[in-house]
Amino acid sequence: MDRVTKMASEKPVVIFSRRSCCMCHTIKTLFCDFGANPAVYELDEIPRGKEIEQALSMLGCSPTVPVVFIGGELVGGANEVMSLHLKRSLIPMLKRAGAIWV
């Protein structure tokens, strides 16, 4: 769990993902289109990825990917991110975290 917390605070936006996940690709593309340049951890490619996925599950993330942290805080998965975006809350959140400036 501590490892996930440390990884989640390394950049303003952190995404835990899997290469084979289409929703992960969609969320990564959304943040890149905003110019946020997230740190992306592909759990199927990094050492101890399964352990990290289990820690995300213990945080209540279901499904375990994609999982987004903004400003070190857990935002959630694709549904939560898209909900924030539709409510026009996502961009202000990214600005507060220092992920985008416009």
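Bear in mind the structure is a predicted one, so any value in this text is a computation, not a measurement.
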**Prompt:** V67, V14: one ILVMFWY side-chain cluster at the under-4.5 Å cut-off?
**Reply:** yes
**Message:** Quick one: does any side-chain atom of S57 pair with a main-chain N or O of E53 as donor and acceptor, under 3.5 Å?
**Reply:** no
**Request:** With the side chain counted from C-beta on, respond yes when M82 and I27 share a heavy-atom pair under 4.5 Å apart, and no when they do not.
**Result:** yes
**Asked** CD1 of I91 to NE2 of H85: how many Å apart, nearest 0.5 Å?
**Response** 6.5 Å
**Item:** Separation between CD1 of I15 and CG of L43, rounded to the nearest 0.5 Å
**Value:** 11.5 Å
**Request:** Sort out for me which residue in L94, V13, N37 forms a side chain to side chain contact (heavy atoms under 4.5 Å, CB included) with I100.
**Result:** L94
**Request:** Rounded to the nearest 0.5 Å, what's the gap from CG on D44 to NZ on K50? Could you check?
**Result:** 9.0 Å
**Item:** Rounded distance [0.5 Å steps], CG in L59 versus CZ in F16
**Value:** 9.0 Å
**Request:** Looking only at non-hydrogen atoms, find the nearest pair between V40 and S17 and report the distance.
**Result:** CG1-CB, 4.1 Å
**From T29 atom OG1 to F34 atom CZ, the distance as rounded to the nearest 0.5 Å** = 11.5 Å
**Request:** With rounding to the nearest 0.5 Å, note down the distance linking CE in M93 to CD in E73.
**Result:** 9.5 Å
**Prompt:** Can you find a pair of side-chain heavy atoms, one from I70 and one from L90, that are under 4.5 Å apart?
**Reply:** yes
**Request:** Please check if L74 and V4 belong to a single hydrophobic cluster, counting links between Ile, Leu, Val, Met, Phe, Trp and Tyr side chain heavy atoms closer than 4.5 Å.
**Result:** yes
**Asked** Same cluster or not: are V65 and V75 linked, directly or through other Ile, Leu, Val, Met, Phe, Trp or Tyr residues, by side-chain heavy atoms under 4.5 angstrom apart?
**Response** no
**Asked** Under a single-linkage definition using a 4.5 Å side-chain heavy-atom cutoff for Ile, Leu, Val, Met, Phe, Trp and Tyr, are F69 and Y41 assigned to the same hydrophobic cluster?
**Response** yes
